[in-house]
Protein chains: 2
Amino acid sequence: MTQSFADLDWSLVQTFLAVAETGSLSAAARVLGVSQPTLGRKVREIEAALGAELFMRHAKGLALSETGAAMLGPAQAMREAAGRLALMAAGEDRRLTGPVRITASVVVSHFVLPPVLTRLRREEPGIEIDLVASDSSENLLFREADIAIRMYRPGQLDVVTRHVTDLGMGIYAATGYLDRVGRPADVDGLLALDWVGFDRNEMILRGMAEAGWRVGRDFFKLRTDDQAAYWQLVRAGGGVGIMQQAIGAAEQLVERLVPELPLPSLPVWLTAHETVRRMPRVARVWEALVAAFGALS
Amino acid sequence: MTQSFADLDWSLVQTFLAVAETGSLSAAARVLGVSQPTLGRKVREIEAALGAELFMRHAKGLALSETGAAMLGPAQAMREAAGRLALMAAGEDRRLTGPVRITASVVVSHFVLPPVLTRLRREEPGIEIDLVASDSSENLLFREADIAIRMYRPGQLDVVTRHVTDLGMGIYAATGYLDRVGRPADVDGLLALDWVGFDRNEMILRGMAEAGWRVGRDFFKLRTDDQAAYWQLVRAGGGVGIMQQAIGAAEQLVERLVPELPLPSLPVWLTAHETVRRMPRVARVWEALVAAFGALS
DNA sequence: ATTGTGTCATTCAATATTGAATAGCACACC
DNA sequence: GGTGTGCTATTCAATATTGAATGACACAAT
């Protein structure tokens, strides 16, 4: 029997939102931690319940229909309310055990956090960590992450921020690349080399401007906003790039260029909603991150 | 593994709301159409997921804790958003088959609608009807009902209203009661009898005021706001009461008193959200109700 | 034309969830 | 004290749901 509108299962709306935002059942399944056939059934279920086609099926995923697009507003309003609800409950949660979700940039996730979190897991086996490697800004207000590690000071309301370190930066190029083009003796020689940069992300442009180098986007002949891909391009000899000293130093395939050149360092901020920050297990992870980043200075 | 806050199953919030508003697992189970053990498990599940105690258990049900009370706001915001979402989808639903939810007062539900809905079921077997007998005002904005039958013109925004009939009212008393106290010859004799009235509901007081009878709440020696109980009290000889003529006429155990006395009639309004009203199966039920109430005039 | 990739839809064994039945409790009524 | 009522918590057979495996499809790359 078809259920009434008033009886719509709200978890179906959750499913709808995930599929709408990822663009496919498979991707949404990965995000939600369920299987693709399960999501397929749930999408059909909400479409049947509402008597409306919310998605148009394609070989490479699902696109929102007009109806589906119209529903995004209220669906996102539900998520906002659900996040507020979770925040209220967080104030009551005194458990030291349970999950903590951390979001950090791809590079920090790959190179900085693994040893930190591994040690924390040994010290606090009751705390489970979800690490979300993402260069986008998660919304802490809605409990999409408990702690965010950022390279800028977030300006969101009601969040606690703490400056934990400044990451020293260095200029690197692959040994193979340098063997081929020669090692520059000065800044002019350095700037004449091929450079790897970001695409739309202006962080490097701003950093170079701060160092007094007026360059434009086309100065970089290889561009990507994916930070992991960025470093792989540099490692592979794609050109000169900028990376954290701790990461560059650990890499055998690259050489640091012109080490005496002062570069602006990269500030690292921990961020959390103040209610969430007070939860015992989040506070414990926060302390561990403060100590770990402090040791990097 | 304890799930993360971000992964909270929204149907658990739905459960929380139903239990919070009904005050017990058993009552909420009846409302939601699931079993009491199922709701018991789901309440424990959301409490575990949020790491907070939302309810205080009692022998006669569950009372909200402070945390639970604080969560009502965002939970109700979710329901509001879910209702808006359902309304948007309703505009797309062109099916003539499926469920339609009607809410009407207890008396109309008991005495007027059964033959109407029975005939409609024969004519449109693809339409399923949920009849909610309730004297409270459902919220049509949130799709808590598709069509409401009311004795007053609703003032809600975006709803379509239609005045379908005026119900003639009459004064009745049980034959047994009248045999015992005598049949009044005039209005003074009538007012000297015992009367059955409402408790907090002022509808009868207002009706009598309109008829020029200034009486107070204590004029009624038997009082209930439950309209079915009201009529049963009159039928059982509890005193004089006012009822729709169609209902009074069909009842063998009562007699109409002072038929020449003009009473204000009771207007009947059909109400539906305008988007919902356009859905084919809701439009069909609306037509059937218009025709049925029209035949009562 | 062939191959590889990522997608959705289907099947069915495995797993999870549900609800009937029941126990136990608190309270009101007699 | 005994009985009736309405509640929550527990057990376990019945039922529903899930996901592994698979087929089919569209598209890009070769």
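Note that the structure is a prediction, hence the values are computed from the model and not measured. First the proteins, then the strands, lettered A, B, ... as listed; each starts at 1.
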message: According to ring pair (Phe, Tyr, Trp, His ring centres under 6.0 Å), does anything in residues 38-72 of chain A pair up with another residue at least two apart or in another chain? List the pairs.
response: A:F16-A:F55
field: Protein proximity profile, nucleotides 6-19 of chain C - base contact B, sugar-phosphate-only contact S, no contact -, cut-off 4.0 Å on heavy atoms
entry: BSBBB-------BB
Non-neighbouring partners of A:R94 that pass side chain to side chain donor-acceptor pair (under 3.5 Å), sequence neighbours left out: none
- request: Could you check how far CE of B:M56 sits from C1' of D:dT8, rounded to whole Å?
  value: 16 Å
task: Quick one: list whatever passes side chain to side chain donor-acceptor pair (under 3.5 Å) with A:E251, sequence neighbours left out.
output: A:R235
message: Could you tell me if B:Q36 and B:S26 have a donor-acceptor pair between their side chains, going purely by distance under 3.5 Å?
response: no
field: Any donor-acceptor pair under 3.5 Å from A:D146 side chain to A:I102 backbone
entry: no
message: Any heavy-atom pair between the side chains of A:L54 and A:I46 that's under 4.5 Å?
response: yes
At a cut-off of 3.5 Å, list every protein nitrogen or oxygen paired with a nitrogen or oxygen from nucleotides 1-4 of chain C, distance to 0.1 Å.
none

task: Verify the distance criterion only: is there a donor paired with an acceptor across the side chains of A:E53 and A:S65 at less than 3.5 Å?
output: no
statement: What one should report as the nearest heavy-atom pair of B:L96 and B:R281 is O-CB, 3.1 Å
Proximity to DNA chain D (any heavy atom under 4.0 Å), residues of residues 64-71 of chain A only: none
query: Hey, what's the ring geometry for B:W195 with B:F219, parallel, tilted or perpendicular (30° and 60° as the breaks)?
result: tilted
query: Are the side chain of B:Q14 and the backbone N or O of A:L8 linked by a donor-acceptor pair below 3.5 Å?
result: yes
